[in-house]
2 protein chains.
Amino acid sequence: MTDHDRAPIRAFESSLPMALLTAREAAMGHFRPLLAEHDLTEQQWRVLRALDAAPNAVDVKALIEATTLLAPSLTRILANFEERDLIDRTVDPADQRRSIIRLSKLGHALVAKVAPNSEAIYAMIETQFGAARLDALMTELRDLAAAIHQTDEATP
Amino acid sequence: MTDHDRAPIRAFESSLPMALLTAREAAMGHFRPLLAEHDLTEQQWRVLRALDAAPNAVDVKALIEATTLLAPSLTRILANFEERDLIDRTVDPADQRRSIIRLSKLGHALVAKVAPNSEAIYAMIETQFGAARLDALMTELRDLAAAIHQTDEATP
DNA sequence: CGAGAACACTACACATGTTAACTATCAGAG
DNA sequence: CTCTGATAGTTAACATGTGTAGTGTTCTCG
């Protein structure tokens with residue numbers, strides 16, 4: 001498999017969003033087939049994980065913030081999940097505009113089924129890259145996001 | 001603006017793909033409006049940048065690798081660019097299956113128009129986060145992608 | 001030459017992104 | 001208590017991207 005003599009497109013790869021995307025694609029490349037087996041998209045999985053990680057009940061707004069999805073996208077995903085009986089919805093009695101979302105038993109089961117494989121993939125990455133190093137990287141990523149959001153407030 | 005007393009969805013945020021996504025969204029949030037002004041999507045901009053960064057001519061396959069797009073998506077984007085006279089296509093005389101893509105004068109002009117604003121945003125992030133730190137982060141990101149790709153070869 | 005691989009495109013089904021408008025509910029001023 | 005404005009969430013409509021399958025053309029190599 002001669003890799004040809006094409007030069008890589010270098011300067012471009014040094015853009016920050018591209019570096020973030022490439023790293024993410026590398027990780028998700030392992031992950032997407034697993035999700036596809038369970039008829040889940042990347043975005044749907046984000047919602048499931050957010051619901052699973054949520055301590056109690058969650059409203060739609062909290063999900064939007066947690067998943068970085070837009071409201072209409074999330075509405076569609078929740079409708080899909082309702083059809084598949086993965087979630088239960090109730091109206092917040094304290095504020096009837098709010099919808100309270102919970103994972104159903106089936107939803108929890110699905111997460112429980114997928115999550116171990118996810119952990120395995122993560123462990124593989126950890127081994128290859130170094131656990132401490134990965135930890136440090138994640139801290140930096142969070143700080144970066146926070147730093148960028150700070151510039152938001154400076155320039156409204 | 002009372003930020004409510006909702007607890008953030010914490011455990012979930014510590015997933016690597018999510019950390020990468022959140023950081024990317026933070027950065028792109030600044031950037032997307034700029035692209036929208038020029039009727040460019042994020043993906044289209046990736047293609048433009050890749051073409052601009054390419055030393056010489058580029059075939060479709062190289063673009064696919066550089067942009068992490070799928071062939072059908074790229075085909076459509078290139079068709080769009082042709083309509084807008086942003087690129088020129090020629091057939092590779094050495095291999096007539098290959099299409100050689102180049103930015104047209106107009107395409108270069110568009111990149112030149114958008115790029116400075118892009119640099120400005122980048123500079124803002126650099127100031128806020130620290131140039132050296134950002135550099136180190138990008139190195140780690142590249143290494144991470146490389147490490148993950150190495151696991152690919154171990155498990156085909 | 002012929003078989004099979006590689007490149008690029010097309011077609012199709014589906015999900016998401018994006019903007020705007022709309023309904024229902026709530027909260028606060030008067 | 002009522003009007004007004006804000007908020008939660010949905011719906012609509014369209015553009016675009018994702019993912020799979022299949023097509024035609026051109027290469028490569030036995």
Side-chain angles (χ1 to χ4, degrees), chain A residues 1-4 6 21 24-25 28-29 31-48 57-84 87 89-101, chain B residues 1-4 6 21 24-25 28-29 31-48 57-84 87 89-101:
Chain A
M1 211 168 287
T2 58
D3 208 85
H4 256 301
R6 270 185 277 99
L21 180 65
R24 185 158 198 279
E25 278 307 304
M28 291 303 295
F31 203 59
R32 251 186 285 268
L34 172 63
L35 296 181
E37 276 176 35
H38 297 275
D39 281 302
L40 289 171
T41 66
E42 210 180 301
Q43 288 84 347
Q44 288 171 344
W45 177 243
R46 285 218 292 279
V47 176
L48 279 188
V58 183
D59 62 17
V60 173
K61 197 179 183 188
L63 277 179
I64 288 175
E65 283 162 17
T67 57
T68 75
L69 293 171
L70 294 179
S73 299
L74 186 55
T75 295
R76 278 186 301 232
I77 289 174
L78 292 179
N80 175 312
F81 282 178
E82 257 184 316
E83 266 181 37
R84 295 162 73 175
I87 59 172
R89 310 179 73 146
T90 52
V91 172
D92 183 344
D95 182 345
Q96 304 204 350
R97 290 171 303 181
R98 286 205 166 97
S99 244
I100 303 291
I101 319 285
Chain B
M1 209 166 289
T2 60
D3 210 84
H4 257 300
R6 272 184 276 97
L21 179 65
R24 185 160 198 279
E25 278 306 305
M28 291 303 296
F31 202 59
R32 251 186 285 266
L34 172 63
L35 296 182
E37 276 176 35
H38 297 276
D39 281 302
L40 289 171
T41 66
E42 209 181 303
Q43 287 83 349
Q44 288 171 341
W45 177 243
R46 284 219 291 281
V47 176
L48 279 187
V58 183
D59 62 18
V60 173
K61 197 180 184 186
L63 275 180
I64 287 175
E65 284 162 16
T67 57
T68 75
L69 294 172
L70 294 180
S73 299
L74 185 56
T75 295
R76 264 171 47 176
I77 289 174
L78 291 179
N80 175 312
F81 282 178
E82 256 184 316
E83 266 180 37
R84 295 161 73 176
I87 59 171
R89 310 178 74 144
T90 52
V91 172
D92 184 344
D95 182 345
Q96 305 205 348
R97 293 171 303 182
R98 287 207 166 96
S99 241
I100 303 290
I101 319 286

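Chain identifiers are assigned alphabetically (A, B, ...) following the order of the sequence lines, protein sequences preceding nucleic acid strands; residue numbering begins at 1 within each chain. Quick caveat: nothing in here was measured; it's all calculated off a predicted structure.
- Between B:Ile101 atom CD1 and B:Ile87 atom CD1 the span is 5.0 Å, to the nearest 0.5 Å.
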field: Evaluation steps, side-chain contact (heavy atoms from CB on, under 4.5 Å), between A:Phe81 and A:Gln44
entry: CA-CA 9 Å; A:Phe81 282 178; A:Gln44 288 171 344; 3.7 Å; yes
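- The distance from the CD atom of A:Gln43 to the OG1 atom of A:Thr41 is 4.5 Å, given to the nearest 0.5 Å.
- Note: CG (B:Leu78) to C1' (C:dC7) measures 13 Å, nearest angstrom.
- Listed by chain and number, the residues in a side-chain hydrogen bond (donor to acceptor under 3.5 Å, both in side chains) with B:Ser99 are B:Arg89 (sequence neighbours excluded).
- Taking the screw axis at each terminus of the helix from C:dC1-D:dG30 to C:dG30-D:dC1 from five consecutive base pairs, the angle between the two is 20° to within rounding of 10 degrees.
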- prompt: Reading nucleotides 10-22 of chain C from the 5' end, what letters show protein touch, with B for base, S for backbone sugar-phosphate only, - for no heavy atom under 4.0 Å?
  reply: BB---SBBBB---
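- Side-chain nitrogen and oxygen atoms of A:Arg89 include at least one within less than 4.0 Å of the OP1 or OP2 phosphate oxygen of D:dT10.
- Annotation: side chain of A:Leu69 is not in contact with side chain of A:Arg76 (no heavy-atom distance under 4.5 Å).
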message: Strictly under 4.0 angstrom, non-hydrogen atoms only: write out the protein contact profile of nucleotides 22-30 of chain D, one letter per nucleotide from the 5' end, B, S or -.
response: ----BS---
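- A:Phe31 places its CZ atom 18 Å from the C1' atom of D:dT18, with the value rounded to the nearest Å.
- Between B:Arg98 atom CZ and C:dC9 atom P there is a gap of 13 Å when expressed in whole angstrom units.
- The distance from atom CD of A:Glu65 to atom C1' of D:dT7 is 13 Å, rounded to the nearest whole Å.
- B:Asp92 meets the salt bridge (charged side-chain N to carboxylate O under 4.0 Å, His left out) test with no other residue; sequence neighbours excluded.
- The CD1-C1' distance, from B:Ile64 to D:dT18, rounds to 13 Å in whole Å.
- Here the P atom of nucleotide D:dT18 and the CZ atom of A:Arg24 are 12 Å apart, to the nearest Å.
- One interatomic measurement links the two molecules: CD of B:Glu83 to P of D:dA15, which rounds to 13 Å at whole-angstrom precision.
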task: Begin from the C-alpha positions of A:Trp45 and A:Glu42 and carry the test side-chain contact (heavy atoms from CB on, under 4.5 Å) through to its verdict.
output: CA-CA 5 Å; A:Trp45 177 243; A:Glu42 210 180 301; 5.9 Å; no
- request: Take A:Thr68 and B:Arg24, measure what side-chain contact (heavy atoms from CB on, under 4.5 Å) needs, and give me the verdict at the end.
  value: CA-CA 11 Å; A:Thr68 75; B:Arg24 185 160 198 279; over 6 Å; no
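- Contact record, A:Ala62 with A:Val58: CB-CG1, 3.5 Å, taken as the closest heavy-atom pair.
- Between the CZ atom of A:Arg46 and the CG atom of A:Leu63 there is a distance of 11.5 Å, given to the nearest 0.5 Å.
- Applying the salt bridge (charged side-chain N to carboxylate O under 4.0 Å, His left out) rule to B:Arg97 yields the partners B:Asp95; only residues at least two apart in sequence or on another chain are considered.
- Note: CG (A:Leu40) to P (D:dT18) measures 18 Å, nearest angstrom.
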